[in-house]
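A short worksheet on the structure shown next.
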Amino acid sequence: MCQFQAEQSKIINNCNIKGKYYRIDFMCEKIAELARPGQFVHVQIKNMGERLFRRPFSIFDVSDDGVLSIIYKVVGYGTCVLSGLKNGEICDILGPLGNSYSIPEIGETPIITAGGYGAASTYLLAKNSQTKGKVLLGAKNKDELILCDEYKRLGFDVEIATDDGSCGYSGLVTDLLAYFLKEAGIKIYGCGPNSMMYAITKMLKGTSKIAELSLDENMCCGVGACFGCVIKVVAKNEKGWEYKRSCNEGPVFKSNEIYLDF
Amino acid sequence: MCQFQAEQSKIINNCNIKGKYYRIDFMCEKIAELARPGQFVHVQIKNMGERLFRRPFSIFDVSDDGVLSIIYKVVGYGTCVLSGLKNGEICDILGPLGNSYSIPEIGETPIITAGGYGAASTYLLAKNSQTKGKVLLGAKNKDELILCDEYKRLGFDVEIATDDGSCGYSGLVTDLLAYFLKEAGIKIYGCGPNSMMYAITKMLKGTSKIAELSLDENMCCGVGACFGCVIKVVAKNEKGWEYKRSCNEGPVFKSNEIYLDF
Amino acid sequence: MANLTTNLGKLVLTNPVMTASGTFGYGEEYAKFYPLKQLGAVVVKGISPFQCHGNPMPRICETSSGMLNAIGLQNPGVDNFINKPEYLPFLRKAGAVVIVNIWGKSVEDYCAVAEKLDGVEGIAALEINISCPNIKEGGIAFGTDPVLAAKVVSSVRKKTKLPVITKLSPNVTKVSEFAKIVVGEGADMISLINTYPGMAIDIETRKSRIANITGGLSGPAIKPIAIKMVYETANAVDVPIIGMGGIFTTADAIEFFLAGADAVAIGTANFIDPMTPIKIISGINEYLDSHGYSGIKELVGNLAI
Amino acid sequence: MANLTTNLGKLVLTNPVMTASGTFGYGEEYAKFYPLKQLGAVVVKGISPFQCHGNPMPRICETSSGMLNAIGLQNPGVDNFINKPEYLPFLRKAGAVVIVNIWGKSVEDYCAVAEKLDGVEGIAALEINISCPNIKEGGIAFGTDPVLAAKVVSSVRKKTKLPVITKLSPNVTKVSEFAKIVVGEGADMISLINTYPGMAIDIETRKSRIANITGGLSGPAIKPIAIKMVYETANAVDVPIIGMGGIFTTADAIEFFLAGADAVAIGTANFIDPMTPIKIISGINEYLDSHGYSGIKELVGNLAI
Ligand SMILES: Cc1cc2nc3c(=O)[nH]c(=O)nc-3n(C[C@H](O)[C@H](O)[C@H](O)COP(=O)(O)OP(=O)(O)OC[C@H]3O[C@@H](n4cnc5c(N)ncnc54)[C@H](O)[C@@H]3O)c2cc1C
Ligand SMILES: Cc1cc2nc3c(=O)[nH]c(=O)nc-3n(C[C@H](O)[C@H](O)[C@H](O)COP(=O)(O)OP(=O)(O)OC[C@H]3O[C@@H](n4cnc5c(N)ncnc54)[C@H](O)[C@@H]3O)c2cc1C
Ligand SMILES: Cc1cc2nc3c(=O)[nH]c(=O)nc-3n(C[C@H](O)[C@H](O)[C@H](O)COP(=O)(O)O)c2cc1C
Ligand SMILES: Cc1cc2nc3c(=O)[nH]c(=O)nc-3n(C[C@H](O)[C@H](O)[C@H](O)COP(=O)(O)O)c2cc1C
Ligand code: FES
Ligand code: FES
C-alpha cells in the first residue's frame, strides 16, 4: 500500500520551457523522497477562486535535496493560473499518488512511447533504469516536442514522430513502436493521450508482450475515495470488465488488463 | 440625473497609511472628472474568486490629471484582497455614483462630523468649500484616527474625540457636535457608522437645523437596480415612511428625511 | 454574421438576450451604460396591483459564487408603473422591448395587474411570477402547488391579449410537470429558473444575514440546477423557453441554448458587470460564426447525446 | 476546552464531525492522513445488497464553487463490505465509529442490506439513502415520494436494532414534510442534504460533462440551500439532525449548528483538503472556547432572531 501525504511546498522555479510547456520546481522533501516513477501529485493551485478541484501532474523528476519537478502544458484555467504563480509562493501538494512503473529487469530493454506531456511521466523511469533503451516521442508538430535532450542525456536513443512531419517520422508514434514489437527482451512503457494508450493496447492484443501504460482520467480526490476516475479493466464476471480507480489502482495499467469496448 | 460609467482603472499607488487604513490611487480620468463630494465608486476587486459583489468606497479625492483616490479600511475579505493589489493592476470601477453633499453657501460655516473611514467621504467637500469650518473626527482610539493633517492643511479646525480618550475629547464625537449646534450660520455634514448618523438625526429633531448625512448600507448593484440598499425615509403615507435606495437617492440624506423607528 | 433574430411564438426579438426581472430595475439605471433597444427585451421588476414597500434590511448577501436576496418585490404598483415618467414611459421612449413581470397575493391580484396592462402601449408580453420565494403570500406558494399554478395562469390568460410567459419555481421535485400544467392552461412561454430558497448565518451576530431570514439564491452557484431544469422542461413542452440562472458569460448562455432554451435572461451578472448582456449578445454572434451556425435556432436543444 | 461530546439519541460521539457518504470511500484512503478514530463518525459509501459497477465515465466535473457527480453508487455489495479486509474489517481495526449508508432498487433491497448488517460488529448506525440522484431505479425516487419514503423507512426500521438515520433529498418543495413522515415511521435521526440534481454542458463537444447526462451538485454552491433546509427541518421535528452541504471551514460548520444541526458531515471538502474534518474539529473547539460556550449543545439552533 502506498504512503502519501499533504505537503506545503514552496515554488522555487516556474518557467516556460517551450510553447505552452512549463517546468515548475517545488521544495517538497517528503514527497520527493517517496516518489517512484509513474506516480503523480495532486496540486492545489492557489487563486483558482470558484474552481475547487486539485490538478494531477506526473512527477517528472526529484532531486536528493528535496526538489520535486513537474512539466506541465497550459491547456485550461488551472494550468494557466499555475503558470502565473511566482517563486516563493506555497502550494499544497498531495503525493506521491498512484502506482508506478516497474523498473526494467537487468537484460530488459525499455521502449518508452510517450505523447505530449506523457513524456514527463516516464522520465524518472528512464533515469532509474539500469539498462538504457529507446524513447519514442510523439507530438503534433516540432513545436510541441519536449524533453528530447533530457532523454538523450540519460543515454536513451530518442526517435521522433510528428503528425505533420515537421520533425522525425511523419505519422503516429505508435507506427514507430510497431517496428520494435518483434524484438526480444524489450519492455514497453507508454504515457500519452488515452487514444494512444488504447492503440498500443490493441497492437499488443494477441502477442505475448505486455506494456505498462499510464492512463489519464479527470480526477477529483486523487486518492481513491470518490470513484470519479475509473477505467474499465478485464474481470472475470458476467460483463467481462469492472471499473478500477485510475488514481489508486492506476494510473499505470498492464496492457492485458485494459478492457477495450470498441 | 447623475452620469456614470464603467472605467478600467490602473492602480498607481496602494499603500498603508495607518493601522488598517490604506490609500489607493487609480488612473481613472472620466470618473475623476465627474466626481462630486460625497459620491462613491463601486470597485470590482480582482481575484475575489467566488465572491461576486463589487465593493463601494467614497471618493476621497480627485486630481486634475485624472487620479481618483480612496481611503479604505481592511475589514474583511474584499478589502484584504484590495490591499494586496499591485501598481499596474487594473480594476473595473463604476462611478461616480449616488448623490452628493451640497457645497456650503458663502457665509455658511461647514461643521463636518466624521467617524472612521467616514472622514474620507467629506474630504472633497471640505476641499471644495469656499468657507473653512470645523471637522470633528471620531475614532475608537488614536490609532484609528485618520486624515487630521489633511483637513488641517485645507484650513479646517480639527477637533478630535476618541472612545478611550487616547486622543482629544474622551467620548463620542456627537458630544462635540452638541457644543456647536446653537451657533448660527453653520451647516452640518456627517459621515460615519449608521448609529452615529442616527444619533445626529435625533439630536437635530425639533431644531431647525438640517444636516446632510451619508449612510452606509450593504450594496449590491450600486446603481439603483436591485433595491438591496434601501433606508427608511419620511413619507406622506399611512406608515409614515418609505424605502429609498441609498445608492441612488443617497448615500447623502437630509437629516429631516431620515426616518427613525427606534 | 449569424442571424440572432429570435422567434418566441408571436413575439419576435432582434436577439435572444433579455435582462431578468428584478435585476434591472425599470431600465433607467442601466440605460446610462448602453441603449436599451440593443437588448432582446427588458423584463422589469415584479409589478403588483398595489404599491409595495418590500422587506426590511438587510435584503442581500454574498454566498459562494452566488447571492441571496429578499427584496420582497418592492415596486411602485401598476398605476405608477404605467403613468410615472421614470417607469413605462421611459422605457417606451428608449425603444425597449418591454416584458412586464407581474405578481400578486391572490389570483384576483394577478388578474388585476394583467387587466390594467392589457392594451397599454409599449408592452410586448407579460411574465407571470409564480415563483418568488421572498413574500409571505403569493409568489412561490403559487409556483409549488399545481392547482394554484393552473388557476393563476388560466385566469391571467383570460385577461390579456399579450403573450403570457410563466416563470416557474425551481423549488419543486419535477419542474417539467409544472411546465406541462401551465402550458395546458394557455401559457405561451416558460421562463425558468427563479431563485432557489436559501439562507446564510453570520456566526458572530448569530443572525440570518437576511432580515427576512430566508432569501432566494441566484448566480453561477445555481447554474447547474438551472441547466438541468431547462433541459428537462425543453423535453417536456413545445413552447419557447427562456432560460436563466447564473449566466455570466457567453459560454454560460450557449450552455442554456444547448440545453433547450430559445432565449436567455441575465440576472445577477448585471450587478457585477452592467455590460454583461451586451457582451453576451456579441459573444453569441461570434460563437455562431466560428462554429458555422447561421442562426440561433440551430443551437437550441442541439445537445450531442 | 469545550466539551465536544455529541448525543444523537442513543448514539454518542466524541465530536460532531462526520464524513459524508461517498466522499470518503471506505475510510482506508484517508486513514493515511490521520487516525479515523479522531472523527465523530465515518459514513461509508452507499452499500447495496448486490455489487454495483456504477455509471460510465465521465462521472465528475467542476462547477462554480461546486461539483457534479454521477458515480452511480459503485460499491462492492454488502457481503464483500462485511467480509473483505479493506472494508468493514479495516474500519473496525482503525477504531472508527462506522455509519453505513444503504440503498437499493426496491424496498426489499433496502431491507436485505439492513438485515445483513444487523448484529455485525463495529457498526454504529445505518443511514438510509433515499436521495441519490444518480441511479435510474431507487435513490431519489424514494426520497421525493412521501408514500415510498414512508415505506422504505418503516420496513428498514423493522429489520435492524441499530439507530436509523434517514438521508433526505433536497429535491422536494418542503423537506420538513418528508422529515416528519420518516420520523413518524421510526427514523431516529435525519441527515440532509444529499446532492441537488444538476447538469453542465461542454459547449465545444456539445455533450453533457457527465456521461449520465445529469449529476448531483455538491459543495459551497449549495450551502445556502442546505442551511435553509436544516433550519426548516430543525423547526419541524424533534430528532437529531446531521447537517451537510458545502461545509469547507469551521465557520460553515458553525452556521449549520446555529441553523439547528446536532452534528455535521464533511463531503466535497475532503477531496480538496483531506485534513478538513480534523481542522474543523479543532476549529469548533476554538469557537466554543472563544465565544464562551461549554459544549456544542448550546450552539445548536441558537439562532438570534
Ligand atoms: C495521472 C495524471 C498525470 C498527469 N500528468 C500531467 C503532466 O505531467 N503534465 C501535464 O501538463 N498534464 C498532466 N496531466 C493532465 C493535467 O492534469 C491536466 O492538463 C490539467 O488538470 C488541466 O487543468 P486545467 O485547469 O488547465 O484545464 P481545465 O480543462 O480547465 O480543467 C477542467 C477539469 O478537467 C480536468 N482535466 C482537464 N484535462 C485533463 C487531462 N488531460 N487529464 C486529467 N484531467 C484533466 C482538470 O483536472 C479539471 O478538473 C495529468 C493527468 C493525470 C490524470
Ligand atoms: C456609500 C459607501 C461608501 C463607503 N466608503 C468607504 C470608504 O471610503 N472607505 C472604507 O474603508 N469603506 C467604505 N465603505 C464601506 C466598505 O464598502 C466596506 O468596508 C467594504 O465593502 C467591506 O468589504 P469586505 O469584503 O472587506 O468586507 P466583508 O465583510 O467580507 O464584506 C461582505 C459584504 O458586506 C458588505 N459590507 C461589509 N461592510 C460594509 C459596510 N460597512 N458598508 C457597506 N457594505 C459593507 C461588502 O460590500 C460585501 O458585500 C463604504 C460603504 C458605502 C455603502
Ligand atoms: C435582487 C433580485 C431581485 C429579483 N426580483 C425578481 C422579481 O421581481 N421577479 C422575478 O420574477 N424574479 C426576480 N428575481 C429572479 C431573477 O429574475 C432570476 O430568475 C434569478 O435571479 C436567476 O437568475 P440569475 O442567477 O442570473 O440572477 C430577482 C433576482 C434577484 C437577484
Ligand atoms: C462523489 C460523491 C459521491 C457521493 N456518494 C454518496 C453516496 O454513496 N450516498 C449518499 O448518501 N450520499 C452520497 N453523496 C452525497 C454526500 O454525502 C453529501 O450529501 C453531499 O455531497 C453534500 O455535501 P457536500 O457539499 O459537503 O459534499 C456523494 C457526494 C459526492 C460528491
Ligand atoms: S479521483 Fe477519486 S477515486 Fe480516483
Ligand atoms: S445597491 Fe442596488 S439599488 Fe442600491
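Each chain gets a letter, A, B and so on, in the order the sequences are listed, and its residues count up from 1. We use all heavy atoms of the structure for the numbers below, so side chains are in, but hydrogens, waters and symmetry mates are not.
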(message) Take a 6.0 Å sphere around CD of A:Glu33 and say whether it holds more than 12 heavy atoms from other residues, nucleotides or ligands.
(response) no

(request) May I ask you to name which of D:Ala269, D:Gly66, D:Ala221 has the most heavy-atom pairs under 4.5 Å with chain A? (result) D:Gly66

(message) For A:Lys236, is the NZ atom crowded, meaning more than 12 foreign heavy atoms sit under 6.0 Å from it?
(response) no

(message) Check D:Glu29 with A:Arg245, please: is the shortest side-chain N to carboxylate O separation under 4.0 Å?
(response) yes

(message) Between A:Gly49, A:Gly228, A:Ala6, who has the most heavy-atom pairs with chain D when the cutoff is under 4.5 Å?
(response) A:Gly228

(request) Report yes if some heavy atom in the side chain of A:Glu242 is under 4.5 Å from a heavy atom in the side chain of D:His53; otherwise report no. (result) yes

(message) I'd like to know whether A:Asn218 forms a side chain to side chain contact (heavy atoms under 4.5 Å, CB included) with D:Arg209, so could you lay out the CA-CA distance, the side-chain angles of the two residues, the decisive distance to 0.1 Å, and finally the verdict.
(response) CA-CA 11 Å; A:Asn218 281 24; D:Arg209 291 185 185 274; over 6 Å; no

(message) Once rounded to the nearest 0.5 Å, what's the spacing between atom CD1 of D:Ile60 and atom SG of A:Cys226?
(response) 5.0 Å

(request) Give a yes or no on whether A:Lys30 atom NZ has more than 12 heavy-atom contacts from other residues, nucleotides or ligands under 6.0 Å away. (result) no

(request) Using only heavy-atom distances, determine whether the side chains of A:Glu50 and D:Ser64 contain a donor-acceptor pair under 3.5 Å. (result) yes

(request) Find the distance between CD1 (D:Ile71) and SG (A:Cys220) and round it off to the nearest 0.5 Å. (result) 7.5 Å

(request) Answer yes or no: are there more than 12 heavy-atom neighbours, outside A:Asp64 itself, under 6.0 Å from its atom CG? (result) no

(request) Could you pull out the closest heavy-atom pair between A:Leu52 and D:Pro220, with the gap in Å? (result) CD1-CD, 3.8 Å

(message) Is A:Lys239 close to chain D through its backbone or its side chain, or both, or neither, when contacts mean heavy atoms under 4.5 Å?
(response) side chain

(request) Check whether D:Pro274 gets within reach of chain A through its side chain, its backbone, both or neither, counting any heavy atom under 4.5 Å. (result) side chain

(request) Considering non-hydrogen atoms only, spot the tightest contact between A:Gln44 and D:Ile272 and give its length. (result) NE2-CG2, 3.3 Å

(request) Indicate the atoms forming the closest heavy-atom contact of A:Cys221 with D:Phe271, along with that distance. (result) CB-CD2, 3.4 Å

(message) Would A:Glu217 and D:Arg59 count as a salt bridge (Lys or Arg N to Asp or Glu O under 4.0 Å) here? Give the steps.
(response) CA-CA 10 Å; A:Glu217 275 302 345; D:Arg59 292 175 168 188; over 6 Å; no

(request) Taking all non-hydrogen atoms of both residues into account, name the closest pair between A:Tyr243 and D:Gly54 and its distance. (result) CE1-O, 4.1 Å

(request) Report the relative orientation of the aromatic rings in A:Phe4 and D:Phe33; use parallel for angles under 30°, tilted for 30 to 60°, perpendicular for over 60°. (result) tilted

(message) Can you classify the ring geometry of A:Phe227 versus D:Tyr26 as parallel (below 30°), tilted (30 to 60°) or perpendicular (above 60°)?
(response) perpendicular

(request) Pick one of side chain, backbone, both or neither for A:Ile231, based on which atoms fall under 4.5 Å of a heavy atom in chain D. (result) neither

(request) State, yes or no, whether a side-chain contact exists between D:Met57 and A:Val230 at a heavy-atom distance under 4.5 Å. (result) yes

